[in-house]
Amino acid sequence: MIPHSTSARETNTLWRPYTQMKSAAPPLEAVRTSGSRIVLADGRELIDGIASWWTAVHGYNHPHIRAAVAAQLDTMPHVMFGGLTHAPAERLASRLAALAPGDLDHVFFTDSGSVAVEVALKMAAQMWLNRGIAGRSRFLAFRGGYHGDTMGAMSICDPEEGMHRRFGAYLPAQLFCDLPTDDATTEALERALSEHGDTLAAMIVEPLVQGAGGMVMHAPATLARVAEAARRHGLPLIADEIFTGFGRTGTLFACEQAGIVPDILCLSKALTGGTMALAATMARRCVFETFLSDDPSAALMHGPTFMANPLACAAANASLDLFETEPRLEQARTIENGLRDGLAGLRGLAGVADIRVLGAIGVVQFDRTPDLAALKARLIESGVWVRPFGDIVYLTPALTIAPDDLDRLCAAVTVAVRQTLDPSLGA
Ligand SMILES: *Cc1c(COP(=O)(O)O)cnc(C)c1O
């Protein structure tokens, strides 16, 4: 018999993400979402400042995406992708190929960002094997990066600061460099590539913003330097746009701002407009062609059970429709201005190390890790859903957020940050 429970919060069977189950405050129970609002079981309504880990770019419950998923549900919720194909996947792949920069024309679907990264790593590794070149068994990644929670992805996350640092002994050793933001780091990258380039299978970078590693931004010129270094050393470049893709930085893809075309591109998060699990690993023709062979073992050796799930593809196609028919990129730029204005009151405040904004991403960084539990409680108290981590509070709202809601978000963050820095300001 299923034990009777009056509230989802009373169950102790769920093991929650990144959560110390002994001491964590019980999670809030969400019962409904719409637009930029999350409605809780107790009737409270929160303005969502982070769009469910920045997936819900069109806001929650967009009628166009709902209708597309409902229609797909009527005809074919799922069918295996080995030996079969279907219109939602075919259409989505060709639309993504048309939207992505350059000749990133070959799309491999998976079901999460981490797995999209695993596939990218495997693609790069097998590309060398297929060309008969051995010994390229490592990847170059950048300090401060985050690429996912599976073992391969963990190995290329920041080895010191990242949330996976305790697992070092379990992970393949990779090569880490600082992003080439100045002369010293550019020379250090060049040195690492000259010394170790022929042991590397690929370089991987998060274009313009290192997301879960701390929302650290870099200039398009830095990204261009990374791409140029990869090209000069004959290494494929993997761009992990799982966070930055689909308008978050003000362009559809962050790579566009540096005018670069990565060899492999990873997408997920906002791909389905925040409704279904889906990810894509896209490859340029030169990568794809190394897998064409009379030898069956040269084929890409990957195939998730729920690959190209038709419901998820239908949601993603509907999400792309909305990018075509509604002014999402303009909205991202409007949000950029709103965030700059809305967070300006915190600039220069003692205890605030930095305020930074790019597209629809706003970040407040403390000069040390604050009392996060108290800060989270204050934010919820003031009616907003924001999840500070480490020494930062960030906002990544839906691109459709109403100007009033954005103002209220910024005001709530401003008050909560001030109170955190000076508790005498009251609760
Ligand atoms: C979220 C994220 C991932 C991992 O995606 P999951 O769907 O959580 O596995 C990888 N890279 C970046 C940049 C991300 O933001």
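What's counted below: heavy atoms across the whole structure, side chains too, no hydrogens, waters or symmetry copies. Order of appearance sets the numbers: ligands from 1, and atoms from 1 within every ligand. Quantities reported herein were computed from a predicted structural model and do not represent experimental measurements.
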Are His86 and Phe81 near enough that their ring centres are under 6.0 Å apart?
-> yes
Considering all heavy atoms, the nearest Ala212-Phe389 contact | O-CE1, 3.3 Å
Contact atoms of ligand 1, heavy-atom distance to His147 under 4.0 Å = 10 (C), 11 (N)
The closest protein heavy-atom partner of atom 11 (N) of ligand 1 is Asp240 OD2, 2.8 Å
Show which atoms of ligand 1 fall inside a sub-4.0 Å distance from at least one heavy-atom site of Gly148.
-> 4 (C), 10 (C)
Between Phe253 and Phe246, does the ring centroid distance fall short of 6.0 Å?
-> yes
Among non-hydrogen protein atoms, atom 5 (O) of ligand 1 lies closest to Gly113 CA, 3.2 Å
Residue portion contacting ligand 1 (non-hydrogen atoms closer than 4.0 Å) for Glu206 = side chain
List every atom of ligand 1 that sits less than 4.0 Å from any heavy atom of Ser112, numbering the atoms from 1 in the order shown and giving each element.
-> 7 (O), 9 (O)
Which protein non-hydrogen atom lies closest to atom 14 (C) of ligand 1, naming both residue and atom, and how far is it?
-> Lys269 NZ, 3.1 Å
Would you mind telling me if ligand 1 is within reach of the side chain of Tyr146, the backbone, both or neither, using heavy atoms under 4.0 Å?
-> both
Looking at CD1 of Ile361 and CZ of Arg356, how far apart are the two atoms once the value is rounded to the nearest 0.5 Å?
-> 10.5 Å
More than 12 heavy atoms of other groups within 6.0 Å of Glu381 CD = no
In terms of heavy-atom contacts, does CG of Asp183 have more than 12 from other residues, nucleotides or ligands at under 6.0 Å?
-> no
Nearest neighbour in protein (non-hydrogen) for atom 8 (O) of ligand 1 = Ser114 OG, 4.4 Å
Please say whether more than 12 non-hydrogen atoms of neighbouring residues, nucleotides or ligands are located less than 6.0 Å from CZ in Arg387.
-> no
